[in-house]
Trainee: 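Take this structure first; my questions come after.
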Amino acid sequence: MADTSPQRPARTLVLIDASGFIFRAYHAIPPLSTSKGVPTNAVLGFTRMLLKALRELPHSHVAIAFDKDSRVERQKIDPTYKANREATPPDLLPQFEHIRRVVDVLNLRVVEASGWEADDVIGTLARRGREAGFDIKVVTGDKDFVQIVQDGVRLFDPMNDRITDTAAVKERLGIEPRQMRDYLALIGDAVDNVAKVPGIGPKTATELLTQFGDVETLLSRLDEVKKPKIREALGAHRESLLRARQLVTFNTELPLDVALDDLVWREPDARRARDLFTELEFFALLRDLPQEEAPQVAPLVTTTTFVTTEDEVKALADAVRVAGDVTLIPAFEGMPFAAALVGMGVSLPEGATRYVPLRHQQLGVAQVRPEAFVSAMKPVLEDAAIKKGGHDLKALTLLLATEGIALRGGQDDVELLSYLLNPSRREHALPDLARERLRAELPALPAVTEGRKGRALADHAPDEVGAAYAVRADAARRMAPELWRELEAANLASLARSMELPLLPILAKMERRGVKLDVPELALISARVDSEVTAREKACHAAAGHEFNVGSNPQLAQVLYEEKKLPILKRGKTGPSTDQEVLEKLADEHGSELARAIIEYRSLSKLKSTYLDTLPSLVARDGRIHTTYHQAATATGRLSSSDPNLQNIPVRTEVGREIRRAFVAEPGHQLVSADYSQVELRLLAHIAEDPVLIDAFLHDEDIHSRTAAEVFGVTPAQVDREQRRVAKMVNFGIAYGLSPHGLSTRLGISQESARDVIERYFTRYAGIRRYLLETVEKARKVGYVETLYGRRRLMGDLHSKNRGVAQAAERAAINMPIQGTAADLMKMAMLAVEDALRQEGLRTTLLLQVHDELLFEAPDAEVEAVKALAARCMSSVAQLKVPLKVDVGAGRSWADAH
DNA sequence: CCCCACCCGTAC
DNA sequence: GACGTACGGGTGGGGT
């Protein structure tokens, strides 16, 4: 009977067969690597197994055993032992080191014995542990270990959750555990080159062992073996059988240099584990780690020197010139294009970090006159040969531009560099990067609120804020080299150097220039829409029979579905949906006046609240709107725009176009618009090398008609409107990973016909199908997708167990190379355009980028030249298998330029 | 008064 | 869930 006395805590020794699991994990998990290209499949499988075993098995003591020159001893018995094992695969070799690191951070005690296998180490520890009264659990998937099973010694296979004890062995194999050695010797092991006795398989082996007990008895009583064939075989292979049994027998008497007390389990080193898992990109496993205790505060610098006199600023400028490298974090308030520079945190490769107070408001604080700062620093800041670092160099560029300084030499923008390494990441905030990359907590910046509670930044004394900014500069400077190493390793460095960093000052210039808004014109539209919205709201109330908040979806749902008893066609997370698709159906198919009225109300109030009411308030004193472009925001490499977002100004509806009429050129100027035609579809043709699609673009056909002709088996001239509409939808959806369901709801056709259309599309455009499949397959294998120019997006969710998540990731993987390459092309076009404008000495400026469109403001005299220049630059930015078509137009307003 | 999730809608 | 990438407004619930 088991000891049930409560006084004695269970002492369980867990023994882990590391070597066995490494190979199992390697073969069980498809090739996988980090974004840096480090192979990790075996490490991941091994780590998962390890964590699972520790999670599921009670353990007071733990040891992990590795092979060490493991063939030496057994090859003394048989030189061919394991001789036909294939060499370790090249992508497994480098993973051993990381496995050791995992074991190390988990604080597991490694036990190994030179010349012996992990099997023997575990056999020895199991025997000693059992003798000392431990309960033993052996974590392994190897059947050889059955031989050490006994009362109190069990096997656990974390890959299938199987526990093997004495009873299980008897049931599964029909033998006692101690007979396993004899059993294995009889049936042999081809993989390890352990000879078998020919003609004997598992069945016969079990029979023989049941009758005779072990190999010695069997051989001594050979004449009792009934079947002559078996008897002869045993007689003929007597020697090899005994040798085989020697080979498979664990040595449980190794002189291990470890005491059982040394194996006491210790908590993992959570912080180091976190770092290692982050490095290996085992993000799902991070959750399994114990949370970190209080964040460790590691001040990066001990001293911040305050630069408060003109001489000191001059000395600083000299130091920057000597170092050839400076990292700057500005303290400012307001929007960057029109902000006051309050101070500057500065870090140099050598020496203390500095803070230069410029516009602190407190009386009597020592600070530098802004003019003195500018005159001293301008030469070094404008010198492209002096490398600049920071976090969001575009903001710095804008701030310095306001001071009359044109920042050049920007290179180490850690936000931008971090983005290129992982564009899916939501934020690249400096404190987060410092925590991850430097294991340092940045001090909080002073609370700055414009409201009643906080004070403006300038109201804080320099010594309150200076160190915080200086430390940030120090942190940014220190993480830059490693970022570049990672970029080099991922082949992203040239993208950073030749595309993103040169684009940065161009974006700054666009933001600074802004686009003129005709506020009175907008006000006219607004007044008209205002009364329309009110009328529509009244119509909604009338249709409902009472007043309610038309803008409230819950209230609307109540009216539609509870009061009017209309059918619920779609549900969201929190209730029945009231989106446009649903309302259209309710209006058309159920004759709902209210639904129709809501649709009209919605479209107008959207325009009113988002654009008409908002845009005028964002007009700066110069009468222009200064958006902010985000270069480190999207997962595909596109830019985004905010405050306001000028990339979603309406264009499709009449009222929407009127809003574009309020975006105007200065007197004597025109807006010039140049946009890529069908750029994503053209890129799809090029990247997928689809002959049909390429042919269509080479002949500049109406691509939707051509697709309709292909899909419906008619000539392009025979295509009717409906067929073209279907084809157009397919063309748009194809790069988004469209589904029969999605297409059917969008087209209002059945899922079957949608499926049929898609199938016929892929039959005609076989290259596209192949490309889409290959893209997903490769993404699964390498863990990322990339554009023609090497921009990468990490794609972890492809392996999600949640099917929906995995499928969404597949669609994203399909889309990214297309959307991302289009973004790359546009960025290169912007560089080319800016260069050409300067070369030709034109005064035209680039104002806006809307993914596939560039908007310029050109003096009247330059309009035609700019139209030609833009078309030329944009279409010649890459030589593809299809031409890049560019449409250009010009006019007084954005609407007129189209 | 701020923050957030949610729904919805605008762009490409 | 249901076709990719964004930003942002309103509501309504929660918190300070």
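In what follows, every chain begins at residue 1, and chains take the letters A, B, ... in the order their sequences are listed.
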Trainee: Which part of the nucleic acid, if any, lies within contact of K606(A), taking any heavy atom under 4.0 Å across all strands shown: a base, the sugar-phosphate backbone alone, or nothing?
Mentor: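 Touches a base.
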Trainee: Do NZ/NE/NH1/NH2 and the carboxylate oxygens of D702(A) and R706(A) come within less than 4.0 Å?
Mentor: no
Trainee: With heavy atoms under 4.0 Å as the rule, sort V805(A) into base, sugar-phosphate or nothing.
Mentor: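 The answer is nothing, as V805(A) stays clear of every strand by at least 4.0 Å.
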Trainee: Whole angstrom is fine here: how far is it from CG in L607(A) over to P in dG10(C)?
Mentor: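 In whole Å, dG10(C) P and L607(A) CG are 13 Å from each other.
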Trainee: In whole Å, what is the span from the CD atom of E680(A) to the C1' atom of dG4(C)?
Mentor: 8 Å
Trainee: Just checking G804(A): base, sugar-phosphate only, or nothing, at a heavy-atom cut-off of under 4.0 Å?
Mentor: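 Contact class for G804(A): none.
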Trainee: Using heavy atoms to find the nearest nucleotide of DNA chain C for H630(A) and R571(A) separately, return the residue whose nucleotide is more 5′.
Mentor: R571(A)
Trainee: With the side chain of R660(A) defined as its heavy atoms from C-beta on, choose the nearest nucleotide among dG9(C), dT5(C), dA11(B).
Mentor: dA11(B)
Trainee: Only one of L671(A), V888(A), V833(A) passes side-chain contact (heavy atoms from CB on, under 4.5 Å) with F856(A); say which it is.
Mentor: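 Considering L671(A), V888(A), V833(A), a side-chain contact (heavy atoms from CB on, under 4.5 Å) with F856(A) is found only for V833(A).
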Trainee: Quick one: Y629(A) OH to dC7(C) C1', roughly how many Å, whole number?
Mentor: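 Between C1' of dC7(C) and OH of Y629(A): 13 Å.
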Trainee: What nucleotide, of dC7(C), dG1(C), dC8(B), holds the atom closest to the side chain of N648(A)?
Mentor: dC7(C)
Trainee: Which nucleotide wins on minimum distance to the side chain of Q819(A), given the candidates dG12(C), dC12(B), dT5(C)?
Mentor: dT5(C)
Trainee: For H630(A), which residues count as a side chain to side chain donor-acceptor pair (under 3.5 Å) partner, sequence neighbours excluded?
Mentor: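 Residues passing side chain to side chain donor-acceptor pair (under 3.5 Å) with H630(A): S642(A).
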Trainee: Go through dA2(C), dC6(B), dG4(C) for me and flag the one nearest to the H741(A) side chain.
Mentor: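 The listed nucleotide nearest to H741(A)'s side chain is dA2(C).
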Trainee: Measure from CD1 on I598(A) to P on dG10(C) and round the result to the nearest Å.
Mentor: 16 Å
Trainee: Heavy atoms only, 4.0 Å cut-off, all strands: where does M826(A) land among base, sugar-phosphate and nothing?
Mentor: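 M826(A): no heavy atom of the nucleic acid under 4.0 Å.
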Trainee: Just to be sure I understand the rule, does Q555(A) reach a base, reach only the sugar-phosphate, or reach nothing, if contact means heavy atoms closer than 4.0 Å?
Mentor: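 Result for Q555(A) = sugar-phosphate.
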Trainee: Taking the side chain of S577(A) as heavy atoms from C-beta outward, which of dC8(B), dT10(B), dC6(B) is closest to it?
Mentor: dC8(B)
Trainee: Looking at E581(A) and K570(A), is there a salt bridge between them, counting it only when a charged N and a carboxylate O are closer than 4.0 Å?
Mentor: yes
Trainee: Taking the side chain as everything from C-beta on, heavy atoms only, tell me whether Y784(A) gets closer than 4.5 Å to R793(A).
Mentor: no
Trainee: Does F337(A) have R512(A) sitting over its ring (NZ/CZ under 6.0 Å from centre, angle to axis within 45°)?
Mentor: no
Trainee: Does a side-chain N-to-carboxylate-O contact under 4.0 Å join R624(A) and E857(A)?
Mentor: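 Counted as a salt bridge, because a side-chain N and a carboxylate O are separated by less than 4.0 Å.
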Trainee: For dA6(C) and dA2(C), measure between their P atoms and round to the nearest Å.
Mentor: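 Going atom to atom, P in each nucleotide, I get 15 Å.
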Trainee: Counting any heavy atom closer than 4.0 Å, what does A635(A) reach on the DNA or RNA strands: base, sugar-phosphate only, or nothing?
Mentor: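 Since only primed, P, OP1 and OP2 atoms lie under 4.0 Å of A635(A), the category is sugar-phosphate.
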Trainee: Need one value for S605(A): base, sugar-phosphate or nothing, where a base atom within 4.0 Å counts as base even if backbone is also close, heavy atoms only.
Mentor: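 Touches nothing.
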Trainee: If you only use heavy atoms from C-beta on, which nucleotide in dC8(B), dG9(B), dG12(C) is closest to the side chain of N549(A)?
Mentor: dG12(C)
Trainee: How many whole angstroms separate atom CZ of R811(A) from atom P of dA2(C)?
Mentor: 6 Å
Trainee: Could you please name the option among dA2(C), dT11(C), dT5(C) that lies closest to any side-chain atom of R793(A)?
Mentor: dT5(C)
Trainee: Whole-Å distance between dT5(C) C1' and M795(A) CE?
Mentor: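 Answer to the nearest Å: 13 Å.
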Trainee: Considering residues at least two apart in sequence or located in another chain, which fulfil the side chain to side chain donor-acceptor pair (under 3.5 Å) criterion with D613(A)?
Mentor: K608(A)
Trainee: Closer than 4.0 angstrom, basic N to acidic O: yes or no for E511(A) and K394(A)?
Mentor: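 Answer for the salt bridge query: yes.
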Trainee: Give the nucleotide from the list dG12(C), dG4(C), dC7(B) with an atom nearest to the side chain of P554(A).
Mentor: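 Output: dG12(C).
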Trainee: Pick base, sugar-phosphate or nothing for Q807(A), based on heavy-atom distances below 4.0 Å to the nucleic acid.
Mentor: base
Trainee: Counting any heavy atom closer than 4.0 Å, what does Y611(A) reach on the DNA or RNA strands: base, sugar-phosphate only, or nothing?
Mentor: sugar-phosphate
Trainee: Please list residues of residues 636-647 of chain A whose heavy atoms come under 4.0 Å from any atom in DNA chain C, ordered by number; otherwise none.
Mentor: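 Heavy-atom cutoff 4.0 Å gives T636(A), R638(A), S640(A), S641(A), S642(A), D643(A), N645(A).
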Trainee: Compare the minimum distances between each of dG9(B), dA2(C), dT11(C) and the side chain of D579(A), then state the nucleotide with the smallest one.
Mentor: dG9(B)
Trainee: Which is true for L743(A) with a 4.0 Å heavy-atom rule: it touches a base, it touches only sugar-phosphate, or it touches nothing?
Mentor: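 No contact.
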Trainee: Return one dot-bracket line describing DNA chain C 5' to 3' (Watson-Crick or G-U wobble pairs, both distances under 3.5 Å; ( ) same strand, [ ] crossing, | another strand, . none).
Mentor: ...||||||||||||.
Trainee: With a 4.0 Å cut-off, would you call K564(A) and E593(A) a salt bridge?
Mentor: no
Trainee: Quick one: do D690(A) and R770(A) make a salt bridge, cutoff under 4.0 Å?
Mentor: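 No salt bridge links D690(A) with R770(A).
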Trainee: Of all of residues 751-782 of chain A, which get a heavy atom below 4.0 angstrom from DNA chain C, listed by number?
Mentor: none
Trainee: Nearest whole Å is fine: how far is dG9(C) P from L618(A) CG?
Mentor: 9 Å
Trainee: What's the CD-C1' distance between E581(A) and dC7(B), to the nearest Å?
Mentor: 14 Å
Trainee: Is any NZ, NE, NH1 or NH2 atom of the basic residue among R528(A) and E532(A) found under 4.0 Å from an Asp or Glu carboxylate oxygen of the other?
Mentor: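 E532(A) and R528(A): not salt-bridged.
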Trainee: Quick one: which of dT5(C), dC8(B), dG9(C) gets closest to the side chain of R602(A)?
Mentor: dC8(B)
Trainee: Apply side chain to side chain donor-acceptor pair (under 3.5 Å) to E680(A) and list each qualifying residue two or more places apart in sequence or on a separate chain.
Mentor: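 Here no residue qualifies.
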Trainee: Just checking T745(A): base, sugar-phosphate only, or nothing, at a heavy-atom cut-off of under 4.0 Å?
Mentor: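 T745(A): no heavy atom of the nucleic acid under 4.0 Å.
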Trainee: Please report whether the ring centroid of H704(A) lies less than 6.0 Å from that of F732(A).
Mentor: yes
